[in-house]
Peer 1: 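Sharing a structure below in structure tokens format, with a few things to ask.
Letters A, B, ... mirror the listed sequences (proteins, then strands); counts begin at 1. Here the structure is a predicted model, which is why all the values come from computation and not from measurement. Computed over heavy atoms, backbone and side chain alike; hydrogens, waters and symmetry mates excluded.
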There are 2 protein chains.
Amino acid sequence: MAERADAARNRQAILRATEELLTRLPPEQISMERVAAAAGVGKGTVFHRFGSRAGLMRALMQERAMVLQEAVVDGPPPLGPGAPARERLLAFVDGVIEVVSRNKGLLAALDHAEAVVSAKIPDDDPPPLHAIWHRHIAGLLHEARPGLDADVTAHLILASLHSDPIQRLVVTGEGAARVAAGLRTLITGVLD
Amino acid sequence: MAERADAARNRQAILRATEELLTRLPPEQISMERVAAAAGVGKGTVFHRFGSRAGLMRALMQERAMVLQEAVVDGPPPLGPGAPARERLLAFVDGVIEVVSRNKGLLAALDHAEAVVSAKIPDDDPPPLHAIWHRHIAGLLHEARPGLDADVTAHLILASLHSDPIQRLVVTGEGAARVAAGLRTLITGVLD
DNA sequence: CAAATAACTGGACCGGCGGTCAACTTATGC
DNA sequence: GCATAAGTTGACCGCCGGTCCAGTTATTTG
């Protein structure tokens with residue numbers, strides 16, 4: 001017996017409710033009880049499904065990022081395999097920004113949640129998004145410019161998306177474009 | 001009556017205690033009661049002095065950054081006025097990394113604290129560090145390369161110091177050096 | 001040196017949080 | 001239809017950031 005139908009329905013209800021709350025409120029005002037109420041379920045159910053606040057945010061982020069992830073592993077170039085590393089990298093950061101911009105406050109909520117003392121990440125969970133993204137970026141960086149400290153550089157690139165001011169910029173249309181342009185400049189600068 | 005002697009003594013005790021706790025524990029395990037206990041004062045005293053958790057962290061950070069700040073406004077080049085913008089900028093980010101690396105977890109603690117709903121920042125407080133740093137970086141960027149979106153780029157550069165992985169790197173000796181080198185590469189790349 | 005006073009102190013207290021749990025309900029496979 | 005594993009729930013727990021005020025103490029003033 002894998003996952004019951006009602007359970008799946010509730011999972012969706014909780015995710016959608018969280019999403020909706022995230023568009024209306026700053027992350028620290030979104031308590032788990034509030035999420036539960038908005039989803040029309042008991043608090044216990046939320047924890048049963050997602051384990052913790054961090055787990056809920058992670059699941060939501062993962063869901064949002066899946067499309068991007070699929071496009072990366074077997075979509076058409078320039079995002080997918082086939083294009084030169086430089087183009088793939090630029091396309092990828094655009095994609096990441098798009099995902100992030102659709103989720104005002106999600107990244108921040110994630111941070112806040114992850115900060116909790118060494119949260120136990122169940123072994124059967126998919127690896128955290130950050131790790132996947134970092135690996136992808138570092139790989140492309142290394143391919144495009146072997147001399148570089150790809151590991152650190154990838155962290156620096158990803159890190160720039162956290163931080164409140166950038167988040168605030170990204171949630172507005174032109175802001176996201178400016179951030180994307182800025183990141184591209186940074187990356188092309190380092191690749192040439 | 002400005003500030004009583006015993007009050008000043010307690011302020012120091014609290015700051016030192018916080019500092020000490022930050023070297024031993026992750027920020028989310030450092031409650032205000034714990035700080036108070038470690039400093040040998042009552043919890044009320046801590047709040048009376050610093051207003052909030054954010055205020056305490058900000059004060060500590062400010063204290064740490066003061067040396068850098070002074071060097072920037074009227075120290076010798078390349079940090080202070082006189083050197084070309086490019087050199088000043090590179091020296092500055094080195095300085096920032098040094099400050100940050102001396103305070104494992106402080107930045108994270110600050111973030112966590114600042115996240116609280118629009119914390120009332122008393123008017124007589126110095127402007128937040130982030131703002132000062134951002135203005136300095138953006139100014140130098142603009143001077144060194146007028147075409148650039150200095151505002152966004154400065155945010156991206158500063159933002160990269162937040163985020164857990166970078167923090168973890170920075171607290172170790174070689175890690176800090178790698179991060180500094182990575183940042184320099186990013187910046188020189190964008191300036192040329 | 002007192003007396004007056006304003007600043008400082010501390011800890012009981014508050015609302016709310018994330019997370020747990022044991023009793024109860026329900027979908028599902030046979 | 002029935003057994004049972006899975007799901008659901010809300011009262012409950014410990015803790016946290018922040019408030020408050022009665023009591024204490026450094027400082028100023030005459």
Side-chain angles (χ1 to χ4, degrees), chain A residues 1-15 17-18 21 25-60 108-122 124, chain B residues 1-15 17-18 21 25-60 108-122 124:
Chain A
M1 217 180 263
E3 176 171 282
R4 265 162 47 171
D6 55 342
R9 221 180 315 121
N10 279 340
R11 152 176 276 123
Q12 278 306 308
I14 293 166
L15 286 174
T18 310
L21 287 176
L25 301 168
E28 70 275 9
Q29 277 186 29
I30 304 178
S31 73
M32 297 300 271
E33 286 188 61
R34 214 165 167 151
V35 168
V41 303
K43 180 156 77 138
T45 304
V46 179
F47 280 94
H48 184 70
R49 270 291 96 71
F50 298 100
S52 67
R53 185 194 170 84
L56 171 59
M57 297 305 176
R58 219 183 302 132
L60 190 51
L110 233 184
D111 284 2
H112 188 268
E114 298 285 20
V116 172
V117 273
S118 49
K120 53 214 162 191
I121 306 181
D124 57 347
Chain B
M1 217 179 262
E3 176 172 281
R4 265 161 50 170
D6 54 343
R9 222 180 313 121
N10 278 341
R11 151 176 276 124
Q12 278 306 307
I14 293 167
L15 286 174
T18 309
L21 287 177
L25 300 169
E28 69 276 7
Q29 276 185 32
I30 304 178
S31 71
M32 297 300 272
E33 286 189 61
R34 218 169 163 143
V35 167
V41 303
K43 184 166 51 150
T45 303
V46 178
F47 280 93
H48 183 70
R49 270 290 95 71
F50 298 100
S52 68
R53 185 193 170 84
L56 172 58
M57 296 306 176
R58 217 182 305 131
L60 191 50
L110 231 185
D111 283 1
H112 189 269
E114 299 284 20
V116 173
V117 275
S118 47
K120 54 216 160 186
I121 306 181
D124 57 347

Peer 1: Which pair of non-hydrogen atoms, one from A:Ile30 and one from A:Arg53, has the smallest distance, and what is that distance?
Peer 2: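 Where A:Ile30 meets A:Arg53 most closely, the heavy atoms are O-NH1, 2.8 Å.
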Peer 1: To the nearest Å, how far apart are B:Met57 CE and D:dC16 P?
Peer 2: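 Distance check: B:Met57 CE to D:dC16 P gives 13 Å.
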Peer 1: Report the distance from atom CZ of B:Phe50 to atom C1' of C:dT9, rounded to the nearest whole Å.
Peer 2: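 Rounded to the whole Å, the gap is 14 Å.
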Peer 1: Just the rounded figure in Å: distance from C1' of D:dC12 to CE of A:Met32.
Peer 2: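 Going from A:Met32 (CE) to D:dC12 (C1'), I get 17 Å.
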Peer 1: Spell out protein contact along nucleotides 3-9 of chain D as letters: B when the base is contacted, S when just the sugar-phosphate is, - when no protein heavy atom is under 4.0 Å; keep the 5' to 3' order.
Peer 2: --BBSBB
Peer 1: Between P on D:dG17 and CD1 on B:Ile30, what's the gap in Å once rounded to a whole number?
Peer 2: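 Distance check: B:Ile30 CD1 to D:dG17 P gives 10 Å.
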Peer 1: Heavy atoms, side chains only, cut-off 4.5 Å: are A:Val41 and A:Arg49 in contact?
Peer 2: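 When only atoms from C-beta onward are counted, A:Arg49 and A:Val41 do not touch, as no gap falls below 4.5 Å.
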Peer 1: Considering heavy-atom distances to DNA chain D, does B:Arg34 or A:Glu33 have its closest nucleotide positioned more toward the 5' end?
Peer 2: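 The 5'-side residue here is A:Glu33.
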Peer 1: Does A:Arg11 make a cation-pi contact with A:Phe50, if we ask for NZ or CZ under 6.0 Å from the ring centre and within 45° of the axis?
Peer 2: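 Here A:Arg11 passes the 6.0 Å and 45° test against A:Phe50.
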Peer 1: Please report, rounded to the nearest Å, how far the P atom of C:dC17 is from the CD atom of A:Glu28.
Peer 2: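 In whole Å, C:dC17 P lies 12 Å from A:Glu28 CD.
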Peer 1: Of all the heavy-atom pairs spanning B:Ala39 and B:Ala13, show the shortest one and how long it is.
Peer 2: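 Minimum heavy-atom separation between B:Ala39 and B:Ala13: CB-O, 3.7 Å.
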Peer 1: Between A:Gln29 (CD) and C:dG15 (P), how many Å, whole number?
Peer 2: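 These atoms are roughly 19 Å apart.
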Peer 1: Specify the separation, in whole Å, of atom CZ of A:Arg53 and atom P of C:dG16.
Peer 2: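 Checked: the CZ to P distance equals 16 Å.
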Peer 1: Just how far, in rounded Å, is C1' of D:dC13 from CZ of A:Phe47?
Peer 2: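 Distance check: A:Phe47 CZ to D:dC13 C1' gives 13 Å.
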Peer 1: Looking only at heavy atoms, which two atoms of B:Leu56 and B:Val35 are closest? And how far apart?
Peer 2: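 Answer, listing the atom of B:Leu56 first, then B:Val35: CD2-CG1, 4.1 Å.
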